[in-house]
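Sharing a structure here in structure tokens format.
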Amino acid sequence: MSLGVVMLVHTAFDRAEEVARHWRASGCPVVIHVDKSVPRPVYDAFVSALSDLADVSFSRRFRCEWGTWGIVAATQAASEQILQAHPGVRHVYLASGSCLPLRPVKELIDYLAARPRTDFIESATTADVPWTVGGLNAERFTLRFPFSWRRQRWLFDRYVSLQRRVRFRRRIPAGLVPHLGSQWWCLTRQTLTAILQDPSRADIERYFRRVWIPDESYFQTMARQYSTHIESRSLTLSKFDYQGKPHIFYDDHLQLLRRSDCFVARKIWPHAQRLYDAFLTDAESAMSKTEPNPGKIDRIFAKAVDRRVFGRTGLYMQSRFPRDDWDSGVTASPYSVFQGFTELFENFEPWLARATGARVHGHLFAPAGAEFADNQTSINGALSNSAVLRDYNPEFFLTNLLWNTRGERQCFQFGPGDTQSVNWRIAKDPNAQISVISGAWAIPLFRSNASFADLRQKAATLQKTESEHLNVLRSAWTKARVRIWTMAEFIEAPMEPLQTVLDEIGAGETRRLAEAPRMVDLRGFGQFLQNLKNQGMHPHLMGDFPVDDLPAHQPPGRAAPRPYLVR
Amino acid sequence: MIRPDEILLFSTMRNEKIRLPYFLDYYRNMGVTHFLIVDNDSTDGSTEYLAQQPDVSVWQTGKSYRRSRYGVDWLNYLQSRYGHDHWCVVVDPDEFLLYPFCDTRPLRALTDWLDACSIRAFSAMLLDMYPKGRLEDQPYLPGMNPLDIACWFDSGNYTISRNHLYGNLWIQGGPRARMFFPEEPSRAPALNKIPLVRWNRRYAYVHSTHMLLPRGLNLVYDEWGGEKASGVLLHTKFIDTFADKAKEETERRQHYAESYEYRAYAHHLGRDTQIWCKWSEKYINWRQLEILGLMSKGNWA
């Protein structure tokens, strides 16, 4: 019986009893500490339930409140008791009532017997541990904590800030270097007795009584003083979430726990019947010499914490609703907005779909309703194209669309004729890639058959709208990738900007533009603009167009020449 | 006699006898140990059926559903009387709670975890389920799982805004907005629900289970980018019993906004309407809903 177990119990006594019997069945003496706040009758019933077992004893009871000295005092008393009563014990394992041995106890005994001088206690200096909660790291050791965090939170917080304000600092007893680590350790008799029989134990205790969460620092610090060989890890698998609460294991973790090869896990949900059934059976002493490997469990719990803290970008739902401008990503995945392209090129949308493989929609924010790709009336997620439903909450229309289609690049057309209510949302979205040919809205007017007075009116409105939109895109808050060309600038050399935009969409794989989109016939466009000017409406967003026809090297109506850089 | 750590279920209903066998069993299997039900003047034998159940306490009333603020007052009273310090589920007989890991962990596992995290209220959005084809085509019989018929849902057309007065989120959308309120989406029913609360006699539901007082209970969502744990209430209203119900309730005018909802339904469903569309999603399990972003495991693993 080289291994003794100290169990701290405060709830789920039937489970604690089962586990104590399990330890005992492999010959380990057990000393149990029961929290003093447990009512007397419950305690008595628990004691009598275990009274048939020799070498299971109960230690003096202390009140154990989280974060206070009581837990350490309880551990000290129980450890003293076990060392005294069982001189054969070489290692003392500190466990709780909700700990569950995952491997046969025999394996643990052999493992420890092979390492007779090793102390297994997680112990790191304060500067190196990121996992403390509440921002109290080094301050655990330099401030005083007389108030309960659970019951007197207000006083606790006030007192901490008061001490900070007056720059109060406690003196750390000479020679001690504060260390932190998991509460659950396994120490050798040598180290443990040295700690418990330290000549200045009274002074050290007086200091640690006012340290915050001493059960994570007292033994961890003291072991550094006396141990000859520390393995800074806990043999107990125990994961904590972002609030410092232990993760709980349930029936469905059975396979994970099996594969972890850890000796002991905590904490187990008391009603996890399958786990208790599976692990508290008398396994034939399988002599697996494997080292504990909790990697997979680590990943699962780390992912859970990530989900709680960061969540899934671009998701808006009942339990994730980031404040405006707080979330780093507004939408779920990158997308492209094209303004003026479908006006300038006759077959832009099918061409873009071919060139990029993305899903290319028409004007999603058209006043008559969303123009989904392939003229669908609804799209992934049963998102309707109805203008009323969309305009009821246009921002959600956009975020829903991108969430529903994540994994597939979305492109859509936009223009001054569309609902403008999402302009800011898109501009502030780092996922948005916005390409604008300013002034291209004039092309449909130019090609239409409407009376000139109407056209003039429309042109004035569209120009005003687009100009406001461009101001948004050029603002300091814009996070989208924005490119703006005037129309005149763009048609000078259309392929180069197209190639740039497409390269960015392709993200890595450079697709070559095998064919160019077909530009509309712009003969007479300069004259059209001049007519608008003559009517007193000044179209300026499209840049300078000569009144006579376009330059000779750009024969209108024919496909633009291939770009010079295509290899 | 209600023992200290029992999980209780509160419900108010009228003429739902056909749904009761499956409903009661569903929640019994989940770990609800006592049902407290207000029966509003049923005429189909619901009362008698409920009275026969060993774990059901039933109260009868013939008073107006509307004037009790759609049953909220009745249940608030019962909850303050019997629900204090218990975890209480408040659902309708056509609502089925899903929470993360509900296929492997009982409800007690969730409430214990919520207790450990000092969380008092658990959100579960209402997800409208519907069949493929016309409602009348597949008759529902007592004891049947309504999800065998109504197993389709809309996965991604919900809109959310914040209610600054009560601090809750206001969720709308889904098939009801799409089908019945295409011209007035603002009148579409609210889908946000908080059906699981560690009750205290000082608490009260304000409007159905959509929001609570004190307001802190409504903060079931994270505002800084993270996800809190949440579930889904599968709403199996749309099965063949629905058309009769809509007709009856339109005449009684006892529902919210003068049965506007029911009138819209009656108006639409009279004519051979299909709720199902090409992009409807077929229900598989809670993990599917988690991936779709309708619910979340939060930091429960």
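Proteins come first, then strands; the chains are lettered A, B, ... in the order of their sequence lines, and each starts at number 1. Every value quoted in this text rests on a predicted model; they were computed, and no experiment measured them.
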Item to complete: Check whether B:Leu294 gets within reach of chain A through its side chain, its backbone, both or neither, counting any heavy atom under 4.5 Å.
Response: backbone
Worksheet item: Do you know which two heavy atoms are closest between A:Cys99 and A:Arg266, and how far apart they sit?
Response: SG-CB, 3.5 Å
Discussion item. Shorter than 4.5 Å, heavy atoms on both sides: which option in A:Trp403, A:Phe301, A:Phe397, A:Phe396 has the most such pairs with chain B?
Written reply: A:Phe396
Item to complete: Kindly write out the residues that satisfy side-chain hydrogen bond (donor to acceptor under 3.5 Å, both in side chains) with A:His361, not counting sequence neighbours, or none if the list is empty.
Response: A:Gln410
Worksheet item: Is it the side chain or the backbone of A:Leu383 that comes within 4.5 Å of chain B heavy atoms, both, or neither?
Response: both
Worksheet item: With sequence neighbours excluded, what pairs up with A:Asp391 under the side chain to side chain contact (heavy atoms under 4.5 Å, CB included) test?
Response: A:Ala387, A:Thr419
Fill in: Part of B:Ile171 within contact of chain A (heavy atom distance under 4.5 Å)
side chain
Fill in: Segment of B:Glu281 engaging chain A (4.5 angstrom heavy-atom cut-off)
neither
Worksheet entry | Parallel, tilted or perpendicular: ring planes of B:Phe101 versus B:Trp300, cut at 30 and 60 degrees | perpendicular
Worksheet item: In this structure, which one of B:Leu9, B:Leu114, B:Val90, B:Val91 forms a side-chain contact (heavy atoms from CB on, under 4.5 Å) with B:Leu196?
Response: B:Leu114
Worksheet entry | A:Asn375 atom CG, over 12 foreign heavy atoms within 6.0 Å | no
Worksheet item: In terms of heavy-atom pairs under 4.5 Å with chain B, which of A:Asp306, A:Asn400, A:Val309 leads?
Response: A:Asn400
Fill in: Under 4.5 Å from any heavy atom of chain A - which part of B:Asn192
neither
Worksheet item: Do you know which of A:His271, A:Gln318, A:Met317 has the most heavy-atom pairs with chain B at a distance under 4.5 angstrom?
Response: A:Gln318
Worksheet item: Checking B:Leu292 against chain A: side chain, backbone, both or neither under 4.5 Å from a heavy atom?
Response: backbone
Worksheet item: Considering residues at least two apart in sequence or located in another chain, which fulfil the ring-ring contact (aromatic ring centres under 6.0 Å, His included) criterion with A:Tyr335?
Response: none
Practice prompt. Pull out the residues in residues 249-258 of chain A that come under 4.5 Å of chain B, heavy atom to heavy atom, sorted by number.
Written response: A:Tyr250, A:Asp252, A:His253
Item to complete: Measure from the side-chain N and O atoms of A:Asn404 to the backbone N and O of A:Asn380, and report whether any donor-acceptor pair falls under 3.5 Å.
Response: yes
